[in-house]
Amino acid sequence: MVALFWGLGFDSSGATPFVTVKNGRFMVGDQPYRYVGVNYWYGGLIGNNPAGKKRIEQELNFLVSMGVSNLRVLAGAEGAGQINGVPRVEPAFQPKQGVFNEDLLQGLDFLLAEMNKRQMKAVLFISNNWEWSGGFLQYLNWNGLIPDSILRRKLSWDEMRDYVSQFYACLPCMQQYEAQLRKLVNRVNPLTGLKYSEDPAIMSWEIANEPRPMRPHAINAYRHFIHHTASLIHNLDKNHLVTTGSEGEMGSETMENFQKVHEDPAIDYLTIHIWPKNWSWFRDTAIAAGFDNVLLKTGDYIRRHQEVAKAIGKPLVIEEFGLPRDGHAFDPGSTTAFRDRYYSFVFDFLLKDMAEKGPVSGVNFWAFSGIGRASHKQLLWSKGDDWLGDPPVEEQGLNSVFDTDKSTWDIVYSCTSRLTK
């Protein structure tokens, strides 16, 4: 197993040093670090029981066999019950305002300990712009800015923008977010004896999943929040990188704002997300008919953010990108021909920048579902179902990559095997 990671900068003693940034590149020790990773956001939720631990062990072994070395994981979730008309992640780390279920973190403890054994790296995101794990809407609700009746029902897009944009001017909201942050960074993992701030299995802290100003008037407050939070994390943790979790221009109102936020010395690298379906780059379920347009727009989006990364001299990670299965099917037995071509297209940016010493330094595709399977009793997640890479707000199986998706894993392994040469 150790030999698989030689090219990624791990040494033969099995030690896993911290990821750093030098001259615009990720480094581990004195070696460049480029990676193919997955979004495994639910990994910390399933390690609290024997079945979940067994699943984690099996899935991590599978990922290592494919050369996948990086996992993007949810570390903080807030509140309980229905939100924005759908179920949310449960149980939450902060189920009630200021009340933390630290026993829940035993699952994250286990995941990180197992990742250490396999010399893997985690990107931990602390909260969420979106409702599926509580996130900023929940903090606003706790502080009286969203009534329960509105929080529970489906919000319009304009309502969502109006409410979430208030988070950055809500001092008690940010203080409660900060309390959750401190709990995570300062936690001691009883399985390893390491504080999270000292754990080499962690690559970076991410301020939130897809934090957006949501309205132009909130941009200055948004920038202040990002700067303050990133600086605080660095003060608490001298070992790990910090990034935003941004989607890029799409989530920043303007490219200028995206660049300004990531120029901040407290932000160590840039992130972008790419969502052809959500951004209407193809119509309805017509992936095949719109596929050329999907590739055209994806390539343009990546290249424009590459230029920003070059201008400010920091690495760029394409940390979310996905495509439904062929025909918009959900069943693991359905084909993934267009998704496979899409993944290969994105991976080529990583491989090209590896050869040319460009800024694209990692990719995390969305989303790994491993051995999990949907119940198919309903489209959305329901309590008792397996966790999949699709959050409870989305159709289960929509963007899932299962362990049985052989053609997709052939594409993944083709890329990871080239990274290790």
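Note that the coordinates shown come from a computational prediction; the quantities given were computed from them, not determined experimentally.
The pair R118-E114 meets the salt-bridge criterion, since a charged nitrogen lies less than 4.0 angstrom from a carboxylate oxygen. The existence of a salt bridge linking D268 and K314 is excluded, since no basic side-chain nitrogen approaches an acidic carboxylate oxygen closer than 4.0 Å. A salt bridge is absent between K54 and E59: the closest approach of a Lys/Arg side-chain nitrogen to an acidic carboxylate oxygen does not fall below 4.0 angstrom. Using a 4.0 Å cut-off between charged side-chain N and carboxylate O, R304 and D300 make a salt bridge. Salt bridge D237/R182: absent, no basic N to carboxylate O contact under 4.0 Å. Look at R215 and E253 and you find no salt bridge, because none of the NZ, NE, NH1 or NH2 atoms lies under 4.0 Å from a carboxylate O.
Looking at N209 and R72, their side chains do bring a donor and an acceptor atom within 3.5 Å of each other. In this model, no donor atom of one side chain and acceptor atom of the other lie less than 3.5 Å apart for H240 and S197. R325 and T336 are not linked by any side-chain donor-acceptor pair at a separation below 3.5 angstrom, with hydrogens and angles left out of the test. There is a side-chain donor-acceptor pair under 3.5 Å between Y342 and T298. A donor-acceptor pair shorter than 3.5 Å can be found between the side chains of D109 and Y196. Side-chain contact, Q176 with W142: no donor N or O sits under 3.5 Å from an acceptor N or O. Judged by distance alone, the side chains of E210 and H273 do bring a donor and an acceptor atom under 3.5 Å apart. For the residue pair N84/R153, the side-chain donor-acceptor check at 3.5 Å is not satisfied.
The two residues I126 and Y177 come nearest to each other via the heavy atoms CG2-CE1, 3.8 Å. Considering every non-hydrogen atom in both L398 and R339, the closest pair reads O-NH2, 3.5 Å. Scanning all heavy atoms of the two residues, the minimum distance from E78 to R88 falls at O-NH1, 3.0 Å. Between Y40 and L111, the shortest heavy-atom contact is CE2-CD1, 3.8 Å. Scanning all heavy atoms of the two residues, the minimum distance from Y168 to R212 falls at OH-O, 2.7 Å. When all heavy atoms of E319 and G245 are compared, the closest pair comes out as OE2-CA, 3.6 Å.
Listed for the E206 side chain is no donor-acceptor partner under 3.5 Å among the backbone atoms of S204. Side-chain N or O atoms of N399 include none that pairs as donor or acceptor with a backbone N or O of A367 at under 3.5 Å.
Considering only residues two or more places apart in sequence or on other chains, W281 meets the ring pair (Phe, Tyr, Trp, His ring centres under 6.0 Å) condition with W279. Y163 pairs by the ring pair (Phe, Tyr, Trp, His ring centres under 6.0 Å) definition with nothing, not counting sequence neighbours. H328 meets the ring pair (Phe, Tyr, Trp, His ring centres under 6.0 Å) test with F330; sequence neighbours excluded. Here Q378 pairs with S375, D385 under the side chain to side chain donor-acceptor pair (under 3.5 Å) rule; sequence neighbours left out. For E263, the side-chain contact (heavy atoms from CB on, under 4.5 Å) partners two or more places apart in sequence, or in a different chain, are Q259, K260, I312. For W409, the ring pair (Phe, Tyr, Trp, His ring centres under 6.0 Å) partners two or more places apart in sequence, or in a different chain, are F62, F365, F368. Residues satisfying the side-chain contact (heavy atoms from CB on, under 4.5 Å) test with R303, not counting sequence neighbours, are Q306, F349.
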Let me see the working for W366 and V38 under side-chain contact (heavy atoms from CB on, under 4.5 Å), right down to the final yes or no.
CA-CA 6 Å; W366 188 283; V38 298; over 6 Å; no
Tell me, with the steps shown, if Y343 and F345 meet ring-ring contact (aromatic ring centres under 6.0 Å, His included). CA-CA 5 Å; Y343 278 17; F345 181 80; over 10 Å; no
Take L108 and L124, measure what side-chain contact (heavy atoms from CB on, under 4.5 Å) needs, and give me the verdict at the end. CA-CA 10 Å; L108 187 55; L124 300 181; 4.3 Å; yes
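Among pairs with a residue in residues 68-139, none fulfils disulfide (SG to SG under 2.5 Å), at least two apart in sequence or across chains. Within the structure, no pair that satisfies the disulfide (SG to SG under 2.5 Å) test touches residues 66-147, not counting sequence neighbours. Residue pairs that meet the disulfide (SG to SG under 2.5 Å) test with at least one member in residues 108-217, sequence neighbours left out, are C170-C173. Within the structure, disulfide (SG to SG under 2.5 Å) contacts touching residues 53-138 (residues at least two apart or in different chains) do not occur.
Between L351 atom CG and R34 atom CZ the span is 9.5 Å, to the nearest 0.5 Å. Separating the CG atom in L380 from the CH2 atom in W132 is a distance of 14.0 Å, to the nearest 0.5 Å.
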Using atom types as modelled, flag every donor-acceptor pair under 3.5 Å from a side chain in residues 216-226 to any protein atom, sequence neighbours excluded.
{"from": "Y222", "atom 1": "OH", "to": "P211", "atom 2": "O", "distance (Å)": "3.0"}
{"from": "R223", "atom 1": "NE", "to": "N257", "atom 2": "OD1", "distance (Å)": "2.7"}
{"from": "R223", "atom 1": "NH2", "to": "N257", "atom 2": "OD1", "distance (Å)": "3.4"}

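Shown are I318, V360, V308; of these, the side-chain contact (heavy atoms from CB on, under 4.5 Å) with L270 is made only by V308. A side chain to side chain donor-acceptor pair (under 3.5 Å) with N364 is found for one member of N70, T271, N39 and no other, namely N70. Considering D403, D386, D331 as possible partners of R373, the one that fulfils the salt bridge (charged side-chain N to carboxylate O under 4.0 Å, His left out) test is D403.
For F291 and F282, the distance between ring centers is not under 6.0 angstrom.
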